[in-house]
Asker: 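Encoded as structure tokens, here's the structure I'll be asking about.
Indexing begins at 1, ligand by ligand and atom by atom, following the structure's order. Keep in mind it's a predicted model, so treat the numbers as computed, not measured.
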Amino acid sequence: MSTISNSTNIFWQECPVGKAERQKLLNQKGCVVWITGLSGSGKSTLACSLSRELHSRGKLSYILDGDNLRHGINKDLGFKPEDRTENIRRVGEIAKLFADAGLICIASLISPYRKDRDACRAMLPDANFIEVFMNMPLELCESRDAKGLYKLARAGKIRGFTGIDDPYEQPLNCEIEIQQNNGVCLLPAALAGQVLTYLEEKGFLQVE
Ligand SMILES: Nc1ncnc2c1ncn2[C@@H]1O[C@H](COP(=O)(O)OS(=O)(=O)O)[C@@H](OP(=O)(O)O)[C@H]1O
Ligand SMILES: Nc1ncnc2c1ncn2[C@@H]1O[C@H](COP(=O)(O)OP(=O)(O)O)[C@@H](O)[C@H]1O
């Protein structure tokens with residue numbers, strides 16, 4: 001699928017209310033928290049927990065979940081490399097709009113290819129893209145197998161499954177890395193706390 005623009009004779013329409021004004025209204029700074037990792041690594045769980053914690057602090061967030069978006073805007077895409085690339089590109093563009101609206105946009109997708117994640121980062125001013133890597137061992141994700149997909153992949157009934165017969169390229173310099181501690185995974189609320197602390201320290205949760 002081509003990402004080259006086919007539109008010609010188009011102009012940029014300025015809008016009367018800008019990002020800064022929206023951020024002031026919301027008393028927060030728009031950004032994208034991009035959660036990447038293997039299927040079963042806990043991306044959606046962290047996204048939900050973080051969204052709940054933000055909501056309870058009066059902060060507006062919105063979750064873009066890979067699985068959910070594949071029921072709608074991305075329903076025409078499969079899991080071939082070029083489809084995944086287009087999936088991530090579209091979600092990156094949508095996330096950019098949410099961040100421009102002033103929201104804390106939480107994107108939760110496997111997003112296995114580094115170049116695709118980096119392309120999303122490049123769409124935003126650098127500090128506004130917060131990459132969170134769920135660095136969980138494949139064995140743990142596979143033992144969870146909440147949807148039974150690893151079992152199907154091992155049986156050869158799903159081809160091109162991330163971590164089994166399709167690659168996952170780990171981030172090289174993400175903002176936050178979530179790992180097990182002595183083989184134990186922290187509770188989702190504690191993991192959300194790590195991200196929340198980062199957002200607080202970087203000044204995303206208020207406007208001076
Ligand atoms: N082949 C293959 N590989 C990986 N995952 C697969 C595949 N087929 C279906 N699924 C299910 O699709 C969910 C991942 O969708 P994403 O949009 O996040 O994938 S990607 O970022 O485009 O790689 C993923 O959801 P999560 O388990 O929440 O990650 C799976 O449930
Ligand atoms: N921090 C955690 N501690 C223990 N179990 C977890 C944790 N996060 C997620 N899980 C469990 O792991 C499974 C996969 O989590 P999920 O969030 O759906 O992963 P993903 O979105 O990456 O596929 C679920 O059964 C979930 O309850």
Side-chain angles (χ1 to χ4, degrees), residues 1 3 32-53 62-95 105-121 123 129 131-171 174 176-196:
M1 194 153 316
T3 57
V32 176
V33 176
W34 190 282
I35 306 175
T36 172
L38 293 171
S39 176
S41 60
K43 301 180 299 295
S44 303
T45 305
L46 172 59
C48 291
S49 187
L50 176 60
S51 184
R52 173 56 59 198
E53 293 290 330
Y62 193 80
I63 297 175
L64 298 177
D65 189 277
D67 252 338
N68 294 353
L69 296 173
R70 282 174 176 277
H71 284 86
I73 191 163
N74 291 332
K75 66 180 355 167
D76 57 324
L77 301 175
F79 290 90
K80 290 183 296 198
E82 58 269 36
D83 281 7
R84 294 189 199 246
T85 294
E86 175 61 8
N87 182 33
I88 301 313
R89 187 194 71 79
R90 288 184 198 170
V91 180
E93 291 285 0
I94 298 167
C105 181
I106 306 166
S108 163
L109 297 98
I110 297 180
S111 40
Y113 308 143
R114 199 176 291 131
K115 69 168 176 33
D116 296 341
R117 296 191 303 266
D118 288 348
C120 292
R121 180 186 288 275
M123 288 180 200
F129 186 86
E131 193 172 355
V132 180
F133 173 32
M134 301 299 297
N135 190 2
M136 297 296 155
L138 173 65
E139 301 70 50
L140 173 70
C141 301
E142 195 168 351
S143 70
R144 286 173 170 168
D145 207 7
K147 301 167 189 160
L149 297 179
Y150 280 103
K151 201 166 170 221
L152 291 175
R154 288 289 185 196
K157 292 182 179 157
I158 301 180
R159 295 291 156 116
F161 196 80
T162 306
I164 306 297
D165 55 353
D166 209 66
Y168 178 81
E169 298 167 2
Q170 299 198 350
C174 58
I176 301 172
E177 184 173 344
I178 306 274
Q179 281 182 296
Q180 286 182 300
N181 197 353
N182 292 323
V184 178
C185 194
L186 289 179
L187 290 173
L191 299 181
Q194 286 183 28
V195 182
L196 212 53

Asker: Please confirm whether Ser108 comes within less than 3.5 Å of ligand 2 when only nitrogen or oxygen atoms on both sides are compared.
Answerer: no

Asker: As a check for students: among Met134, Met136, Arg144, identify the option with a heavy atom nearest to atom 6 (C) of ligand 2.
Answerer: Arg144

Asker: Which residue holds the protein heavy atom closest to atom 23 (O) of ligand 2, what is that atom called, and what is the gap in Å?
Answerer: Gly40 N, 2.7 Å

Asker: Do any pairs count as a salt bridge (charged side-chain N to carboxylate O under 4.0 Å, His left out) and have a residue in residues 136-150, sequence neighbours left out, and if so which ones?
Answerer: Asp67-Lys147, Glu142-Arg154

Asker: Which protein heavy atom lies closest to atom 16 (P) of ligand 2, and at what distance to 0.1 Å?
Answerer: Thr45 OG1, 3.5 Å

Asker: Would you check the N or O atoms of Lys43, main chain and side chain alike, for any that come under 3.5 Å of an N or O of ligand 1?
Answerer: yes

Asker: List ligand 2 atoms under 4.0 Å from Cys185, heavy atoms only on the residue side.
Answerer: 1 (N), 2 (C)

Asker: Which atoms of ligand 1 sit under 4.0 Å from any heavy atom of Leu109?
Answerer: 17 (O), 18 (O), 21 (O)

Asker: Given the rule in the side-chain contact (heavy atoms from CB on, under 4.5 Å) test, do Glu86 and Asn74 qualify, once you have shown the distances and angles that lead to the verdict?
Answerer: CA-CA 9 Å; Glu86 175 61 8; Asn74 291 332; over 6 Å; no

Asker: Answer side chain, backbone, both or neither: which part of Asn74 comes under 4.0 Å from ligand 1, heavy atoms only.
Answerer: neither

Asker: Taking distance alone, with N or O pairs closer than 3.5 Å, would you say Leu186 contacts ligand 2?
Answerer: yes

Asker: Check whether any N or O atom of Lys43, backbone or side chain, sits under 3.5 Å from an N or O atom of ligand 2, and answer yes or no.
Answerer: yes

Asker: Indicate yes or no: does an N/O atom of Gly42 lie under 3.5 Å from an N/O atom of ligand 2?
Answerer: yes

Asker: Side chain or backbone, does Ser39 bring an N or O within less than 3.5 Å of an N or O on ligand 2?
Answerer: no

Asker: Give the numbers and elements of all ligand 1 atoms closer than 4.0 Å to a heavy atom of Lys147.
Answerer: 25 (O), 26 (P), 27 (O), 28 (O), 31 (O)

Asker: Out of all atoms in ligand 1, which are within 4.0 Å of some heavy atom of Thr162? Include the element for each.
Answerer: 3 (N), 4 (C)

Asker: Could you establish whether Leu38 and ligand 2 come within less than 4.0 Å of each other, counting only heavy atoms on the residue side?
Answerer: yes

Asker: Indicate yes or no: does an N/O atom of Ala146 lie under 3.5 Å from an N/O atom of ligand 2?
Answerer: no

Asker: Would you mind telling me if ligand 1 is within reach of the side chain of Ile88, the backbone, both or neither, using heavy atoms under 4.0 Å?
Answerer: side chain

Asker: Can you tell me how the ring of Phe133 sits relative to the ring of Tyr168, calling it parallel under 30°, perpendicular over 60° and tilted otherwise?
Answerer: parallel

Asker: Could you list the atoms of ligand 1 found under 4.0 angstrom from a heavy atom of Asn87?
Answerer: 16 (P), 17 (O), 20 (S), 21 (O), 22 (O)

Asker: Cationic tip of Arg70 within the cone over Phe79's six-membered ring, i.e. under 6.0 Å and within 45° of the normal?
Answerer: yes

Asker: Is there a heavy atom in Pro188 that sits closer than 4.0 Å to ligand 2?
Answerer: yes

Asker: Going by the order shown, which atoms of ligand 2 are within less than 4.0 Å of some heavy atom of Leu191?
Answerer: 1 (N)

Asker: Among Phe79, Phe161, Tyr150, Tyr168, which residue places a heavy atom closest to atom 19 (O) of ligand 1?
Answerer: Phe79

Asker: Should Arg90 and Glu93 count as an ion pair when the cut-off is N to O under 4.0 Å?
Answerer: no

Asker: Just to verify, what does Thr45 make a side chain to side chain contact (heavy atoms under 4.5 Å, CB included) with, not counting sequence neighbours?
Answerer: Pro188

Asker: Does an N or O from Pro112, backbone or side chain, lie closer than 3.5 Å to an N or O of ligand 1?
Answerer: no

